[in-house]
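Structure first, then comments.
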Amino acid sequence: MSITLNDAIEFITLEADLLDYGQFKEWLSLYTPEGLYIVPIDPDATDYEKTLNYAYDNAEMRQNRVTRLLGGRAISAMPPARTVRMHGRYRMLEADETKCVVRCAQMLTELRQGRERYYSANVTFHLVKTDAGLKIDRKIVSLLTSTEALTAVSYIL
Amino acid sequence: MTILPDPASLVNEDRADGSIYNNAALYDMEMDSIFKRNWIWVAHRSDLPEPGSFITTFIGQHPVIVSRDRKGELHVLLNRCRHRGATVCEHKSGKTASFVCPYHGWAYGQDGALRAVPQPKGYGESLDKSKLPLVSLKVAEYNGMIFATFNQDIMPLDEWLGPAKIWIDLFMKQGAGWPVKTMGEHKFTFPGNWKIQLENTTDAYHFPIVHKSFLDSVDNETQNIFDFVEGDGFVEDLGNGHSVMVMIPELIDLEENLDAPVPERFQELADALSKDYPPEKVRQIVRAVGGSGFNLNLYPNVACSMAFFRVLRPLAVDQTEIRHIAIGMDGGPDIANEVRLRLHEHFQGPMGFGTPDDSEAWDRVQRGALAGYNIDILLNRGLGHEAKRESGNLFSDVTAETGMRAAYKQWLVDLTCETAAEEAAQ
Ligand code: FES
Ligand SMILES: [Fe+2]
């Protein structure tokens, strides 16, 4: 049986919860070893490896990012910004028994140093089914404002 | 009537008053005296690759178009229609034969000449098109760096850059024999004054403190390279507000020391390149990919910063936009350019492991400097052992604030020179 939209939504909601509640080590385990966390700049880019992104994290960089968030040695993450994110408008783009591509909207509010900031994004998840359940093979966070000037984002979108 | 601040009372050789970051009247004076009078960096040659190429950008608050005409000539034009003032182009970059104002359809050439207006009869004989081109600024280029200015009487760019030119040439060796090209940018704002960023480019002192978490994320060899605060580096005043901060002296000239061993983090790249290039070329490319060992601060708005261009744009007295422009080898191997992109993403930009921490520190300066009255910002580090080169340039150790002193020296010249005073009085 193909991966269902409900399975995907349940998984994506878990990911969001782990990030908002700072459970970054658990978050790391949601990815496949070859998985990528990508925040592109160019909305038309398809070959992210060949273009400049905000983030293009393989397993090592994701681990580094988490160390940075938890390590207490980065002044922009001491403490990390608090975030609340909501997903909706889910659409299954492709699905079979072993993998699927699902797209959704993400609205995120950040609070740090008394400043509230907002980021909207279209997020595309490439998920694969493993013995340990669904895993992320690619998560692409396309910010609505990706080509505008952002402010420092010392957390995971 | 507002009483204008007296710049000379705010900045000394070794200190500045904290209000320089938050005095709005002073900020307005700066926009005129600095951003209207000096050569301001607007683009890199590779942003305008062919006839018809253009980009839009800003000089201080003024929107401008940088365009390359049919003959390859560069023009920097105010992005303001001569009819009733609308911007004529809102695309960030592109290729065009003309700029047509969307409001009433006045059409301008790549060189800014007014070519045609709809229904010209309504003007009778009164419209002299030759008198109404897009306003053209003075433009000049050095080794791919394109600058423009409102000031028609300014000294030639060559003279303005002076000894900084040698450092630009050294920086461009990152092309490894190919021309340097821009490869995208990270753009972000921080809630603080533009001079806080200007200072930071010549501030090696902060590196091991602010960038601990970046250093945690790289291998030992790279940590050692970045362990430069007690090394043989230096900061040198290059005149006209420019300065260079050499952090890693071995990486001043990327075409030297080519027989040095390949750093471990680039071994994989070197192996891959070896399939297509002879060993000497491989080492040249790999060294270029690692970036230069210095920051060249070109007053007031651009820096050749180790491996990228850093461009600042003041938005308000307490708001600044910064662009970190990635560079690479135009025509060079893709795999090497991709490594450059990954290195850029690792440190730079709003989600890098370096920039957000810098940004936090600058944000703190803006907030903190609001506390109290008449309290100095210190600029005296390295002053005691500052010395003069044969050229007359002042220099001191790598963590010295010599570069900041150089910038503030020019800042004071700009704000107190006669034309600035006249303009302020108008
Ligand atoms: S404002 Fe441009 S044509 Fe009228
Ligand atoms: Fe820094």
Side-chain angles (χ1 to χ4, degrees), chain A residues 36-45 47-81 108 110 112-117 119 121 141 143 145-157, chain B residues 92-93 182-192 206 208-219 308 313 315 319-328 334-335 337-346 348-364 366-367:
Chain A
L36 293 168
Y37 161 67
I38 306 170
V39 185
I41 297 172
D42 180 355
D44 302 323
D47 192 347
Y48 301 112
E49 199 172 355
K50 287 198 162 41
T51 42
L52 185 71
N53 307 288
Y54 288 116
Y56 185 86
D57 286 8
N58 58 16
E60 188 188 347
M61 282 296 281
R62 282 196 303 280
Q63 174 66 59
N64 284 335
R65 207 175 280 280
V66 167
T67 305
R68 198 174 127 74
L69 282 171
L70 297 174
R73 281 161 64 82
I75 50 169
S76 64
M78 264 185 336
L108 180 150
E110 160 207 326
R112 186 168 152 70
Q113 311 277 45
R115 292 190 194 103
E116 215 176 32
R117 289 171 169 148
Y119 286 106
V141 184
L143 287 165
T145 49
S146 69
T147 57
E148 308 301 316
L150 305 183
T151 46
V153 176
S154 255
Y155 52 89
I156 296 163
L157 285 170
Chain B
K92 281 182 178 147
S93 67
T182 59
M183 295 199 296
E185 67 183 25
H186 287 145
K187 187 162 76 170
F188 63 99
T189 61
F190 80 96
H206 81 287
I209 312 291
V210 166
H211 299 305
K212 271 193 225 119
S213 112
F214 166 74
L215 292 168
D216 290 345
S217 73
V218 297
D219 64 15
F308 66 103
R313 178 184 154 214
L315 298 177
Q319 194 73 9
T320 304
E321 177 191 275
I322 295 161
R323 294 152 66 199
H324 289 166
I325 302 174
I327 57 173
D334 285 348
I335 45 170
N337 281 332
E338 281 162 30
V339 170
R340 289 195 68 103
L341 292 173
R342 299 293 90 80
L343 290 171
H344 193 84
E345 288 158 359
H346 190 158
Q348 314 302 337
M351 295 174 211
F353 287 19
T355 302
D357 296 325
D358 281 319
S359 178
E360 172 79 14
W362 310 333
D363 189 346
R364 301 269 190 117
Q366 186 71 24
R367 290 164 175 241

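None of these values were measured; they are calculated from a predicted model. A, B, ... follow the sequence lines: proteins, then strands. Residue 1 opens every chain.
- Residues A:Ile75 and B:Ala361 share a closest heavy-atom pair of CD1-N, 3.8 Å.
- Residues satisfying the side chain to side chain contact (heavy atoms under 4.5 Å, CB included) criterion with A:Asp47, sequence neighbours excluded, are A:Glu49, A:Lys50.
- The contact between A:Glu148 and chain B is made by backbone and side chain atoms together, counting heavy-atom distances below 4.5 Å.
- Of the inter-residue distances, the one linking A:Thr147 atom OG1 with B:Lys92 atom NZ reads 4.0 Å to the nearest 0.5 angstrom.
- Distance check: A:Thr51 OG1 to B:Glu338 CD gives 9.0 Å after rounding to the nearest 0.5 Å.
- One finds the CG atom of A:Asp57 at 8.5 Å from the CD atom of B:Glu345 (value rounded to the nearest 0.5 Å).
- For a residue to count as touching a neighbouring chain, one of its non-hydrogen atoms must lie under 4.5 Å from one of that chain's; by this rule A:Glu60 does not touch chain B.
- The choice from B:Ser217, B:Gly184, B:Ser359, B:Gly352 that makes the most heavy-atom pairs within less than 4.5 Å of chain A is B:Ser217.
- Only the side chain of A:Ile41 comes within less than 4.5 Å of a heavy atom in chain B; its backbone stays farther off.
- Heavy atoms of B:Arg367 lying under 4.5 Å from chain A belong exclusively to its side chain.
- Ranked by heavy-atom pairs under 4.5 Å with chain A, the first of B:Leu341, B:Ile322, B:Asp334, B:Asn337 is B:Leu341.
- In this structure, CZ in A:Arg73 is found 11.5 Å from CG in B:Asp357, a value given to the nearest 0.5 Å.
- Contact of A:Ile156 with chain B is not made at all, since no heavy-atom distance falls under 4.5 Å.
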Stepwise, does the side chain to side chain contact (heavy atoms under 4.5 Å, CB included) test hold for A:Met61 with B:Arg342? CA-CA 10 Å; A:Met61 282 296 281; B:Arg342 299 293 90 80; over 6 Å; no

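- For A:Ala149 against B:Thr189, the heavy-atom pair with the smallest separation is CB-CG2, 3.7 Å.
- Both the backbone and the side chain of A:Thr151 come within less than 4.5 Å of a heavy atom in chain B.
- When heavy atoms are compared at a cutoff of 4.5 Å, B:Phe190 does not approach chain A at all.
- Note: B:Glu360 leads B:Gln348, B:Arg364, B:Glu360 in heavy-atom pairs under 4.5 Å with chain A.
- Annotation: the span from A:Tyr56 atom OH to B:His346 atom NE2 amounts to 15.5 Å, rounded to 0.5 Å.
- Rounded to the nearest 0.5 angstrom, B:Ser213 OG and A:Arg65 CZ are separated by 10.0 Å.
- Salt bridge present: B:Asp363 and A:Arg115 bring a charged side-chain N and a carboxylate O closer than 4.0 Å.
- Judged by distance alone, with hydrogens and angles left aside, the side-chain atoms of B:His186 form a donor-acceptor pair with the main-chain N or O of A:Asn53 at under 3.5 Å.
- Proximity to chain B (any heavy atom under 4.5 Å) is shown, for A:Ser146, by neither the backbone nor the side chain.
- Contacts between B:His211 and chain A at a heavy-atom distance below 4.5 Å are absent for every atom of the residue.
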Give the C-alpha distance, both sets of side-chain angles, the deciding distance and a yes or no for side chain to side chain contact (heavy atoms under 4.5 Å, CB included) between A:Val153 and B:Met351. CA-CA 5 Å; A:Val153 176; B:Met351 295 174 211; 3.8 Å; yes

